Amino acid sequence: MSSDFMPLRGWDHIEFYVGNAKQSAHFYDKVFGFRPVAKLGLETGSRDRASYVMAQGNIRFVFTSALRPDHEIARHCALRGDGVKCIALEVNDCEAALREAKSRGATVLQPVQAQEDAHGTIRSGVIKYAGDTVFKFVERKDYRGAFMPGFAPIEARGAAAPTGLAAVDHIVTNVYLGEMDYWARWFERVMGFSQLTHFTDKDISTEYSALMSKVMENGSGKVKFPINEPAEGRRKSQIDEYLDFYCGPGVQHVAMNTKDICKTVRALRERDIDFLRVPDTYYEDLEQRVGKIDEDYAELRELGILVDRDEDGYLLQIFTQPIQDRPTLFFEVIERHGCRGFGQGNFKALFVSLEREQARRGNL
Ligand code: FE2
């Protein structure tokens, strides 16, 4: 087997460009149970932007807003609404990662840059991904501060209880019809990923809409990127709806692992997170389809949690409604018991539910 030319330590952080970073940070604290870690803004000497770093388990989110109208962040938000701008991956050697990516055809947006403060040095470099989304390679082995140079630690004052979200499982991108293959090959060529699975519109279709999906994963299997493109359907697919409202390709959902999905979903429901409702009929033959699991089927039904099984085990999953006004970004909560899949057995039931929501928005 050839050696992994792009060894990734794992997810470093996800940066969202948002209209009001202060309020987003509050939302992710009080609702999702993220803990405030560090911030950057006027009081730390940042004249053009404010950023809040929030963490839970191994998940690190950064919410960033512009402080001025004529600013790339402000334009991004005006065009796309709130969304994921940057997917940061941790590497041992940023210089090597960027050199490999560039030599394999990546578009470099920021060459390797070293930032330093009293806590050490962070090296990072940025390459272009789909739409305006970017990948950032972060080397933090020589850094011991809260997040990065420029950020001041936040004293947490009575943060809400965590909800059990433990790690990023996968991040899904939506691209235009005809682009999925390009990005799948890009992940192979530039990032050294391999293709895990491929779903065609035969697997993922309902009466009205269809999509195709390819799942890419890195050498260690820690980092996974499904890529969706719409397929021709009788009506507008959920992917088309996303592309329309995000004004282009971008991150559709971020899936986060939990060790106890019932506890996590119960906590999120108590804090008024709305999840996609699957039809009650979904649960009628579920036990026959999936077989014995550790969880109680009645509780899964009460909470609206989906179950899927493959030859390696089973998984439990649930999807939130979009978390901003535009029908764009949402989250998935997932608990894996051996299964490495993405819940393909649930796609049909889910799409019926998604289309009902689309119809309510007048987009079907
Ligand atoms: Fe997913």
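Keep in mind that the numbers below use all heavy atoms, side chains included, and drop hydrogens, waters and symmetry copies. Small disclaimer: the values here were computed from a predicted structure and weren't measured. The first residue of the sequence shown is numbered 1, and numbering continues consecutively from there. Ligands are counted one by one from 1 in listed order, and the atoms in each one are counted from 1 as well.
In this structure, the ring of F34 has its center less than 6.0 angstrom from the ring center of F61.
Taking CG of L316 as the start and CZ of R336 as the end, the distance is 10.5 Å to the nearest 0.5 Å. Note: R35 CZ to I59 CD1 = 11.0 Å, rounded to the nearest 0.5 Å. Put simply, CG on L243 and CD on Q252 are 9.5 Å apart, with the number rounded to the nearest 0.5 Å.
When E217, R185, E188 are each tested for a side-chain hydrogen bond (donor to acceptor under 3.5 Å, both in side chains) with Q195, only one passes: R185.
In this structure, R80 forms a cation-pi arrangement with Y246, its terminal cationic atom sitting closer than 6.0 Å to the ring centre and no more than 45° off the ring axis.
Within the protein, the number of N, O or S atoms lying under 2.8 Å from the Fe ion (ligand 1) is 3.
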